[in-house]
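Structure first, then comments.
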Amino acid sequence: MNHTSRPGRRWITILGVLAAVVLIVAGIMGYTGSFDRTDPGAATDMNGRPVHLDTGATPDPQASATPDGTGRFQVPAVGLNVPLGSLNAVGGTITPPGFTSAYLVRNRSVTPARASRGTVFVVTHSIHGGGTAPGNYLVDVTHQRSRLAPGVRILVDNVAYTVTGSRQITKTRLGSDPAIWTNTPGRLVIITCMLGQHGQLSPNNLIIQATQATT
């Protein structure tokens with residue numbers, strides 16, 4: 001595999017059932033794509049580099065995804081400030097349509113305006129092989145952990161959260177972990193894919209959790 005020209009692509013699949021409700025659930029699974037500078041319709045990363053989507057990776061139009069909503073997803077400590085889009089989970093799958101936004105899962109989480117009433121779930125891509133998506137700002141590849149230490153401030157459509165911790169979980173276990181999918185008032189959960197130390201796809205997802213700030 002040529003890791004200088006093959007950015008990773010992720011999607012989220014339903015893997016489990018919790019409280020008698022089929023979860024979205026997210027195993028942000030990885031597969032490879034490639035930079036394609038000749039396809040005028042190709043998606044682009046945060047640096048404007050075209051990204052070729054693999055066959056079968058086209059987002060479901062029923063997800064009614066929009067990459068640019070009314071607010072921003074911001075992590076000032078790492079210089080991340082991107083549009084906050086939104087999408088729906090459809091048929092057990094969540095496929096963010098782009099590489100330059102973070103996305104609320106609108107049919108699985110409360111809106112930021114109602115943050116005090118439940119969990120806000122945000123998903124975004126990471127790209128390996130030289131590409132840059134919002135998730136790349138969150139992953140410390142060298143140390144194989146989150147770049148967001150406890151206490152780091154996150155803004156989701158101007159609602160402030162404080163990071164409480166992070167962990168990794170294998171893609172196959174993500175959907176059956178009730179600690180992730182419990183609906184808790186004032187909680188934020190961010191899901192992206194981990195990146196391997198040598199540019200390879202990781203078998204794990206990175207989960208970052210935060211609580212709504214009081215001030």
Side-chain angles (χ1 to χ4, degrees), residues 6-12 24 26-33 35 42-53 57 59 63 65-87 89 94-106 108-109 111-112 119-142 144-149 152-163 166-168 171 174 180 188-196 199 201-202 204-210:
R6 297 180 65 81
R9 186 78 163 86
R10 325 293 192 252
W11 73 88
I12 299 178
I24 52 181
I28 298 187
M29 308 298 290
Y31 64 92
T32 57
F35 287 120
T44 57
D45 77 348
M46 292 179 66
N47 295 319
R49 299 178 66 184
V51 179
H52 173 74
L53 304 184
T66 173
D68 190 356
T70 59
R72 308 285 294 181
F73 179 76
Q74 300 167 270
V75 188
V78 294
L80 180 62
N81 185 343
V82 294
L84 181 65
S86 61
L87 48 69
I94 301 172
T95 307
F99 297 90
T100 60
S101 298
Y103 295 84
L104 290 170
V105 185
R106 69 168 77 91
R108 297 297 176 176
S109 63
T111 63
T119 299
V120 171
F121 290 97
V122 174
V123 296
T124 192
H125 288 303
S126 299
I127 304 176
H128 77 88
T132 304
N136 291 81
Y137 286 76
L138 309 178
V139 177
D140 181 342
V141 175
T142 300
Q144 288 293 283
R145 64 191 182 195
S146 170
R147 293 185 65 196
L148 308 188
V152 166
R153 187 178 179 87
I154 298 172
L155 296 172
V156 183
D157 197 7
N158 290 321
V159 176
Y161 291 88
T162 301
V163 172
S166 61
R167 65 188 178 106
Q168 296 183 49
K171 298 175 177 70
L174 183 60
I180 295 172
L188 170 67
V189 174
I190 303 166
I191 305 173
T192 193
C193 195
M194 278 298 297
L195 301 173
L201 294 174
S202 171
N204 296 339
N205 293 311
L206 177 64
I207 310 298
I208 299 171
Q209 299 192 65

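When a residue number appears, it is its place in the shown sequence, counting from 1. For the numbers below, each heavy atom of this structure counts, side chains included, while hydrogens, waters and symmetry mates do not. Note that the coordinates shown come from a computational prediction; the quantities given were computed from them, not determined experimentally.
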Kindly indicate whether the side chain of [X], heavy atoms from C-beta on, has any atom under 4.5 Å from the side chain of [Y].
X      : Y      : value
Val105 : Tyr103 : no
Asn158 : Gln74  : yes
Ser166 : Gln209 : no
Val163 : Ile154 : yes
Val139 : Met194 : yes
Val152 : Val78  : no
Leu104 : Pro112 : yes
Phe99  : Thr132 : no

Can you name the closest pair of heavy atoms from [X] and [Y] and give their distance?
X      : Y      : value
Leu84  : Val156 : CD2-CG1, 3.7 Å
Cys193 : Ser126 : O-OG, 3.1 Å
Ser101 : Pro134 : O-CG, 3.6 Å
Arg153 : Pro76  : O-CD, 3.7 Å
Val122 : Ala102 : CG1-CB, 3.8 Å
Ala133 : Met46  : C-SD, 3.5 Å

Is it the case that the side chain of [X] and the backbone of [Y] share a donor-acceptor pair, with hydrogens and angles ignored and the cut-off at 3.5 Å?
X      : Y      : answer
Thr192 : Leu206 : no
Asp45  : Asn47  : yes
Tyr137 : Arg147 : no
Gln144 : Leu195 : yes

Task: Residues forming a salt bridge (charged side-chain N to carboxylate O under 4.0 Å, His left out) with Asp140, sequence neighbours excluded - done: Arg145
Task: From Val123, Val75, Ile207, Leu138, residue fulfilling side-chain contact (heavy atoms from CB on, under 4.5 Å) relative to Ile190 - done: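 Output: one option passes, namely Leu138.
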Hey, could you give me the [atom1]/[atom2] distance between [X] and [Y], rounded to the nearest 0.5 Å?
X      : Y      : atom1 : atom2 : answer
Asn136 : Thr124 : CG    : OG1   : 9.0 Å
Phe73  : Asp157 : CZ    : CG    : 12.0 Å
Ser146 : Arg167 : OG    : CZ    : 13.0 Å
Thr119 : Ile180 : OG1   : CD1   : 11.5 Å

